[in-house]
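Taking it in order: structure first as structure tokens, then the write-up.
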Amino acid sequence: MSKSINSRFIILSTFLGITSTALAYEPTLPLGKVGETDLQQIMGDGVNAVCGQFVAAQDFVGSVERTDLFDRCGEMVHTALGLPIESSKTLGISNSELANVLQEVAGEEVMAQSNIATDTMSGQNAIIGSRISGLLTRLAQTNYADSDEQQYYAKNSQILGMGASGDDVGLSEDFSLFANISGGSGEKDATDREDGFDLDAMTFIVGADYRLSNNTVVGASIGWEEYDADYEKNQRVSGGDMSVDTTTLSLYGLYSQENFYLSAILGYGNSDFDTSRSVKYSSNNPNPNLNGANRKISSKTDSDQYNVSITMGYQSVSDTRTISPYIKLSYLDVEIDAFAEKDSSGGGLGLKYQSQDVESFKGILGVQASWVMNQDYGVLSPYVIAEWHNEFKDDSDTITFQYVHDPRNNQISFETDDVDSSYFNFTIGTSLILANSVQLFADISSVVGFEDFDYNSLNVGIRKAF
């Protein structure tokens, strides 16, 4: 029986030696055929290649990690081949259960990295964009206080930096400081390619801006963001988590001429990723050395994000109401460094990922409507914002990796889900201008139209003019 088993492995490994890269193709190898999804099939073909080449080269005896990798991939290959449990490494589980094992070892959890890195810059831009919207009111009052449609602004001190009692301080205050804190939560549904997770986010931004002239304002900000994602547990995966700490820097400017305006934001971010995933599967093999796996696989890496956005808009003012339609173009480049995982058991199930370069280019059509209500305690200005986002770079991305302790560096690649090309963002909020040029503001936002993702956030802040 042992000669038969060895012969089958030699034949299989000879075929596998033809290629060292597992691509997205129709599975033709035994373990790949077990997979119920593209991800599982690709992973099955990759594991088959790693194990078969170990046998062909006869170099599986070496480090503890290399031996463990050979034993674990051997379990999966033996099970797919249907070898007898008494004389092989087979796990003694069904093909459906083996497909779940392939999902466990795949490492698709890292697909969330690019999504979170993109969200950090988008969230920062939304907060800075809100600040620019407030600056527009100030420039409008400064430039057009003599016109009929702007008299209401001057009379009621609706301008940022004006006192609640109509103190004429807004025109002389060129410098201001602001601080924002934002919290959000979201949920991503699992797909055949990507795991589901719950997401919590917290962002803190401080900044300052300066009015260069009656038409121009420039500013800068620094932000700190923390994202925590918990992967859901189901029959395919055993869960895990990811924490991301990001520092962001932004420069922004606004130019206004009559009712038209142009604004721009230039941003940079650096993110630190700390990820862990669980690999758990059982074995019915009576051999005590073949009892499946219960591992924690961890990794650390970082990324750089570069963003630029340009907005062109028009302000239409009528009595106490302002309507501002606008169009925005936003480009983002995310560069995630290559990294390697560590197997908590000292074994060989850790993966090594190649660097990723993810791009986003969006066109945004939006409109903001605001109203002014003069109160005894200050000037209240509620507002609503509606935006339609269209992603031009909506193709899926490729994740490429290999086993850390595979001496032949067999590369395995699979695709992420396609990016949602069209969705909406809605915001409702209010600002309150108090005496001594202090402004408070708060709003809530919700993203609508993502196929597998929901996200809502709350933003509050304070601004002081000097």
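What you see is a predicted model, and the numbers here were worked out from it, not measured in a lab. Residue numbers count from 1 along this sequence.
A donor-acceptor contact shorter than 3.5 Å links the side chain of N307 to the backbone of Y331. Panel note: side chain N259, backbone Q315; a donor-acceptor pair is recorded below 3.5 Å. The main-chain N or O of G35 is found under 3.5 Å from a side-chain atom of Q41 such that the two form a donor-acceptor pair. Under a 3.5 Å cut-off, the side chain of N270 and the backbone N or O of S303 do form a donor-acceptor pair. Here the side chain of S256 pairs no donor or acceptor atom with the backbone of Y261 at under 3.5 angstrom. Using a distance-only test at 3.5 Å, with no hydrogens or angles considered, no donor-acceptor pair links the side chain of S355 to the main chain of A338. Between the side chain of E36 and the backbone N or O of A99 there is no donor-acceptor pair closer than 3.5 Å. Side-chain N or O atoms of N436 include none that pairs as donor or acceptor with a backbone N or O of V438 at under 3.5 Å.
Considering only heavy atoms from C-beta on, S445 comes within 4.5 Å of D443 through its side chain.
Side-chain contact annotation: Q402 with N409, donor-acceptor N/O pair under 3.5 Å present. For the residue pair S299/E341, the side-chain donor-acceptor check at 3.5 Å is not satisfied. There is a side-chain donor-acceptor pair under 3.5 Å between T398 and E415. A side-chain donor-acceptor contact under 3.5 Å links T400 and S413. A donor-acceptor contact closer than 3.5 angstrom links the side chains of R295 and S345. Between the side chains of E387 and Y326, at least one donor N or O sits under 3.5 Å from an acceptor N or O.
Tested against V334 for a side-chain contact (heavy atoms from CB on, under 4.5 Å), the candidates V358, D304, D397 yield a single pass: V358. Exactly one of D230, T275, D228 qualifies for a side-chain contact (heavy atoms from CB on, under 4.5 Å) with D241. That residue is D230.
In this pair, F339 and Y353 present their aromatic rings parallel. The plane angle is below 30°, not in the 30 to 60° band. The aromatic rings of Y423 and H389 lie parallel to each other, with less than 30° between the two planes, well short of the 60° mark. Under the 30°/60° scheme for interplanar angles, the aromatic rings of F197 and Y231 are found to stand perpendicular.
No more than 12 heavy atoms of other residues, nucleotides or ligands lie within 6.0 Å of CD1 in I444, so this atom counts as exposed by the packing criterion. Around NZ of K362, the count of heavy atoms belonging to other residues, nucleotides or ligands within 6.0 Å exceeds 12.
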>> Does K300 form a salt bridge (charged side-chain N to carboxylate O under 4.0 Å, His left out) with D274? I'd like the steps, not just the answer.
In response: CA-CA 5 Å; K300 295 180 181 292; D274 192 343; 2.8 Å; yes
>> Run the side-chain hydrogen bond (donor to acceptor under 3.5 Å, both in side chains) test on T246 and S271 for me, step by step, so that the C-alpha distance in whole Å, both residues' side-chain angles and the decisive distance to 0.1 Å come before the verdict.
In response: CA-CA 4 Å; T246 302; S271 298; 2.7 Å; yes
>> Run S422 and W388 through side-chain hydrogen bond (donor to acceptor under 3.5 Å, both in side chains) and show every step you take.
In response: CA-CA 7 Å; S422 179; W388 172 60; 2.6 Å; yes
>> side-chain hydrogen bond (donor to acceptor under 3.5 Å, both in side chains) for N234 and E232? Distances and angles first, verdict last.
In response: CA-CA 7 Å; N234 53 45; E232 68 177 31; 3.1 Å; yes
> Checking side-chain hydrogen bond (donor to acceptor under 3.5 Å, both in side chains) for the pair E104/S238: CA distance, chi angles, key distance, verdict?
Replying inline: CA-CA 7 Å; E104 287 275 355; S238 299; 2.6 Å; yes
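Nearest heavy atom pair, residue R277 against residue L351, reads NH2-CD1, 3.4 Å. The minimum heavy-atom distance linking D406 with L69 is given by the pair N-CD2, 3.9 Å.
Scanning for side-chain hydrogen bond (donor to acceptor under 3.5 Å, both in side chains) contacts around Y455 gives an empty result, with sequence neighbours left out.
Salt-bridge check for R236 with D192: passed, with a basic side-chain N closer than 4.0 Å to an acidic carboxylate O. Note on D452 versus K188: no salt bridge recorded, every NZ/NE/NH1/NH2 to OD/OE distance being 4.0 Å or above. The pair D333-K393 fails the salt-bridge criterion, with no side-chain N (NZ, NE, NH1 or NH2) lying under 4.0 Å from an Asp/Glu carboxylate O.
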